[in-house]
Amino acid sequence: MCPDPEVIATYTEDVLDDAARAALEGHLDACVSCRAVVSQIAKLDALAATVPHGAPHASVSEPGAVMGRYVMLYQIGRGAMGVVSAAYDPELDRKVAIKLLGGDLVEEHAEEAGDARRRLLREARSLAKLAHENVVAVHDVGEVDGRVFIAMEYVDGSDLRAWLDKDRRGWREILTVFLAAGRGLGASHEVHLVHRDFKPANVLVSKSGRVLVTDFGLARSVSTATATAT
């Protein structure tokens, strides 16, 4: 059985005693998925410590722009904290969704930009702990010109609200979709994450009918949520 993700996270913080570290390293030697979690968390920790504040804005979200290894295709949506765009990953020959912290926010509102940066990194960290068919997968995290981004699974479809409004749905069809979303939430609970912002806009329904929970930017571990509440 794999150890709790919170225990895996402590491996990168160098706080485990020798016996616990040896036991965890023995598990990591045999578990590909847990090694991937350690690698992703280490990358996120390094990025959180080194991303500069107030860096100049670059139009990396424009169609045709190259951001790291990704080629931007078109914008999917825009919010107060940034944009989500479709992009192409030539190394793996696949389409991805890029969530990119807004350049205007970085330039004009340093304090808010810091909060948004931490939220985006938190979302990537949360998603890195999950591997479930009803949760959007995170592929990569990085930084370009002071703007943090995460590369996620691209979902060809719409959010749950748009899906409900598009056609007349029968109760069995609606129940099936809601149960699938519930399984995604259940998967997050199994790794001790509370989503905290579950709503129709944060559930995607693909054209093939797959249902995925997304936007874990406000997610908290159970232990952190409990400590905050008390």
Side-chain angles (χ1 to χ4, degrees), residues 5 33 36-37 40 61 63 67 70-89 92-102 116 119-142 148-222 225:
S33 61
V37 171
Q40 188 74 7
S61 63
M67 186 177 66
Y70 304 101
V71 180
M72 308 306 287
L73 299 176
Y74 54 86
Q75 189 177 121
I76 298 172
R78 175 180 290 274
M81 296 300 167
V83 297
V84 179
S85 299
Y88 175 65
D89 180 353
L92 297 178
D93 189 24
R94 66 181 174 187
K95 198 173 185 179
V96 298
I98 300 286
K99 180 176 283 191
L100 177 67
L101 182 64
R119 174 174 173 172
L120 198 60
L121 290 170
R122 186 187 307 127
E123 179 175 4
R125 183 191 294 272
S126 299
L127 288 171
K129 296 178 182 180
L130 292 170
H132 192 274
E133 64 176 352
N134 298 121
V135 177
V136 169
V138 62
H139 300 314
D140 190 17
V141 62
V148 179
F149 73 87
I150 55 176
M152 302 176 292
E153 175 182 6
Y154 175 81
V155 180
D156 187 10
S158 62
D159 66 41
L160 180 56
R161 173 55 60 196
W163 180 84
L164 288 168
D165 292 342
K166 183 178 179 180
D167 294 306
R168 189 179 183 87
R169 310 285 183 183
W171 69 268
R172 289 182 178 85
E173 185 180 15
I174 294 173
L175 180 61
T176 298
V177 168
F178 275 65
L179 287 174
R183 286 192 291 272
L185 281 181
S188 71
H189 295 165
E190 287 178 3
V191 295
H192 309 293
L193 287 174
V194 179
H195 189 286
R196 301 205 313 161
D197 194 25
F198 184 71
K199 57 188 178 184
N202 291 336
V203 178
L204 302 178
V205 184
S206 74
K207 290 181 179 178
S208 66
R210 187 172 164 221
V211 180
L212 303 98
V213 180
T214 187
D215 200 344
F216 280 74
L218 295 180
R220 291 286 190 279
S221 69
V222 170

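Heads up: numbering here begins at 1 and tracks the sequence.
Exactly one residue among Val135, Val136, Val96 makes a side-chain contact (heavy atoms from CB on, under 4.5 Å) with Glu153. That residue is Val136. With Ile150 as the partner, the side-chain contact (heavy atoms from CB on, under 4.5 Å) test is satisfied by one option alone out of Val141, Val84, Asp140: Val141.
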Exercise. Test Val203 against Trp163 for side chain to side chain contact (heavy atoms under 4.5 Å, CB included), laying out the working first.
Key: CA-CA 10 Å; Val203 178; Trp163 180 84; over 6 Å; no
Quiz item: Stepwise, does the side chain to side chain contact (heavy atoms under 4.5 Å, CB included) test hold for Leu204 with Asp159?
Solution: CA-CA 4 Å; Leu204 302 178; Asp159 66 41; 4.2 Å; yes
Quiz item: Can you check side chain to side chain contact (heavy atoms under 4.5 Å, CB included) on Lys99 and Asp215, steps first, answer last?
Solution: CA-CA 10 Å; Lys99 180 176 283 191; Asp215 200 344; 3.9 Å; yes
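Applying the side-chain hydrogen bond (donor to acceptor under 3.5 Å, both in side chains) criterion to Asp165, with sequence neighbours excluded, gives no partner residue. Shown here are the side-chain hydrogen bond (donor to acceptor under 3.5 Å, both in side chains) partners of Asp156, two or more places apart in sequence or in another chain: there are none. Take His195 and apply the ring pair (Phe, Tyr, Trp, His ring centres under 6.0 Å) test, not counting sequence neighbours, and it matches Phe216. Annotation: side-chain hydrogen bond (donor to acceptor under 3.5 Å, both in side chains) contacts of Asn202 (sequence neighbours excluded): Asp197. Taking the side-chain hydrogen bond (donor to acceptor under 3.5 Å, both in side chains) definition, one finds that Arg161 meets it with nothing, sequence neighbours left out.
Minimum interatomic distance between Met72 and Met67 (heavy atoms only, all atoms of both residues): SD-CE, 4.1 Å. Contact detail for Val213 and Ala181: the closest heavy-atom pair is CG2-O, 3.5 Å. Taking both residues in full, the closest heavy atoms of Ala180 and Val211 are given as CB-CB, 3.7 Å, listed atom of the first, atom of the second, then distance. Residue Ser206 comes nearest to Val155 through the heavy atom pair CB-CG1, 3.9 Å, listed as atom of the first residue, atom of the second, then distance.
Residues Glu190 and His132 have side chains not in contact (no heavy-atom distance under 4.5 Å, counting atoms from C-beta outward).
With rounding to the nearest 0.5 Å, the separation of CH2 in Trp171 from OG1 in Thr176 is 8.5 Å. The structure places OH of Tyr154 at 15.0 Å from CG of Asp89, a figure rounded to the nearest 0.5 Å.
Counting only residues at least two apart or in different chains, salt bridge (charged side-chain N to carboxylate O under 4.0 Å, His left out) contacts with residues 173-186 comprise Arg169-Glu173.
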